[in-house]
Amino acid sequence: MASKFHALMYPWFASGHITPFLHLANKLGEKGHRVTFLLPKKALKQFEHLNLYPHHIVFRTVTVPHVDGLPLGVETASDIPISSTNLLASAMDLTRPQVEDVVRALEPDLIFFDFAHWIPEVAREFGAKSVDYLLLSAAAVATLIVPGGCEFGVAPPGYPSSKVLLHQKDVYSMKPVANSTEDFAALQERFTASITKCDVILIKACKELEGEFCNYVERKFEKKILFTGPMLPQADTTIPLEAQWSNWLGGFESGSVVFCAFGSQTIMEKDQFQELCLGMELTGLPFLVAVKPPRGTSTIQEALPEGFEERVNGRGVVWGGWVQQPLILSHPSVGCFVSHCGQGSMWESLVSDCQIVLVPQIAEQVINARFMSEELEVSVEVAREETGWFSKESLRDAIESVMNRDSELGNRVRKNHTKWRKTITSPGLMNGYVDDLIESFKDLIVHETNHD
Ligand SMILES: O=c1ccn([C@@H]2O[C@H](COP(=O)(O)OP(=O)(O)O[C@H]3O[C@H](CO)[C@@H](O)[C@H](O)[C@H]3O)[C@@H](O)[C@H]2O)c(=O)[nH]1
């Protein structure tokens, strides 16, 4: 083969997926490889600025067909509650003829995917190799994806941790991802088919951080597993933080502001959202909360607790739209990040200087949060009741435990966080992983696939 390859990327229609696929595309583009990046029409505007190598990375759009049950015009997961994932995934399945046309015309060497479980068949038909890119921590793959999985509270033989487990009390986190058991089963089948049929599994994990989990996953799958290492984006210096936030944050002392965001998909129940606001108020600290309006409301304003705005006026803002999270996390005034621990946010929190408080929403985020809090000891997880509810007091206590300068726990997580940040940002580590990955991809392209 030529020394440079051509990869097609077709990520799940969600910003938590499109963004990290683009980070990988940039690493390949930086080394001179070509990438054709497929995404829904509406998503193009939101993501094209993340393409740092336009000479090497070219976008193509697909039209997302309508599926009964989805509101008209829906193209990405941010437009729907997470429980409707299966419907949008069915719409993605209907794009297969469009994808086949692109593959037929462009003849890529590799196709990267995650949700489109039929990609391995398409790839094989047109002589490409398929890479299932799992945007999950190795711990989440070990507990939720490997054959057999994990029972509540029980570590299977050889599983590397007695702490990073789901327990009966986490059952709340299993509910939001599907409307019914059939939907849940359909999603699981999708992942199993992807893993079984692809040529290689690529996991967005770093052996320095999750070594034992990486080893466990490698032992459990009967196929080649690659790890991306710290797939950190290059800082985008072309777009500064919006003035409204840099001005507002600039009015507070260094490290004093609590920033809270729950990713692109979380929609909270209204009472839990109000409790979150009240917990922020109880801390007495300045805060910026950027989350979607809760279920059943169309604006944040209509959902706020009684009298809240007047009481926190000048020190607290609750915002219902998108903010530039990485830039906010690197603002000197921000000292604490209250996060749902989606994988993108997990990495962004690790490379930031902020203290980390975790409020996971779905099972995979619970595993990430346990890994961060119990194994690495870089964060604290907010305590929940048996019902899954978290109180304003438990949120306040968790924030105080890391923000209080005299707190032993706060100092411990700060010290551990500093150590891990240095490890994952150490010079040469990321580039070494990228070079190894590229060699593995080249090997894959030249060798015959040896499974059916
Ligand atoms: O106002 C916002 C909200 C989010 N982000 C960014 O959006 C990304 C969010 O990604 P992530 O933290 O992974 O959360 P989700 O959007 O919730 O991601 C989905 O996809 C992830 C990757 O599979 C999973 O780990 C999560 O559980 C799943 O909810 C991050 O880069 C954030 O910086 C912003 O820039 N501004």
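As the structure lists them, so they are numbered: ligands from 1, and atoms in each ligand from 1. Because the structure is a prediction, the values reported are computed rather than measured.
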J.: Show your reasoning for whether salt bridge (Lys or Arg N to Asp or Glu O under 4.0 Å) applies to Arg370 and Asp170.
T.: CA-CA 11 Å; Arg370 298 269 142 92; Asp170 301 313; 2.8 Å; yes
J.: Can you give me the closest heavy-atom contact between Glu208 and Trp420, atom names plus distance?
T.: O-CZ3, 3.2 Å
J.: Between Ser161 and Glu375, is any side-chain donor less than 3.5 angstrom from a side-chain acceptor?
T.: yes
J.: For ligand 1, give me the residues whose heavy-atom distance to it is below 4.0 Å, by chain and number please.
T.: Gly16, His17, Leu135, Gly263, Ser264, Gln265, Trp322, Val323, Gln325, Pro326, His340, Gly342, Gln343, Gly344, Ser345, Glu348, Ile362, Glu364, Gln365
J.: Please determine whether ring-ring contact (aromatic ring centres under 6.0 Å, His included) holds for the pair Phe59 and Phe47, giving the CA-CA distance in whole Å, both sets of side-chain angles, and the decisive distance to 0.1 Å.
T.: CA-CA 10 Å; Phe59 289 109; Phe47 296 100; 8.7 Å; no
J.: Taking the six-membered ring for Trp, are Tyr433 and Phe227 ring centroids under 6.0 Å apart?
T.: no
J.: Do any pairs count as a side chain to side chain donor-acceptor pair (under 3.5 Å) and have a residue in residues 134-156, sequence neighbours left out, and if so which ones?
T.: Ser137-Asn368
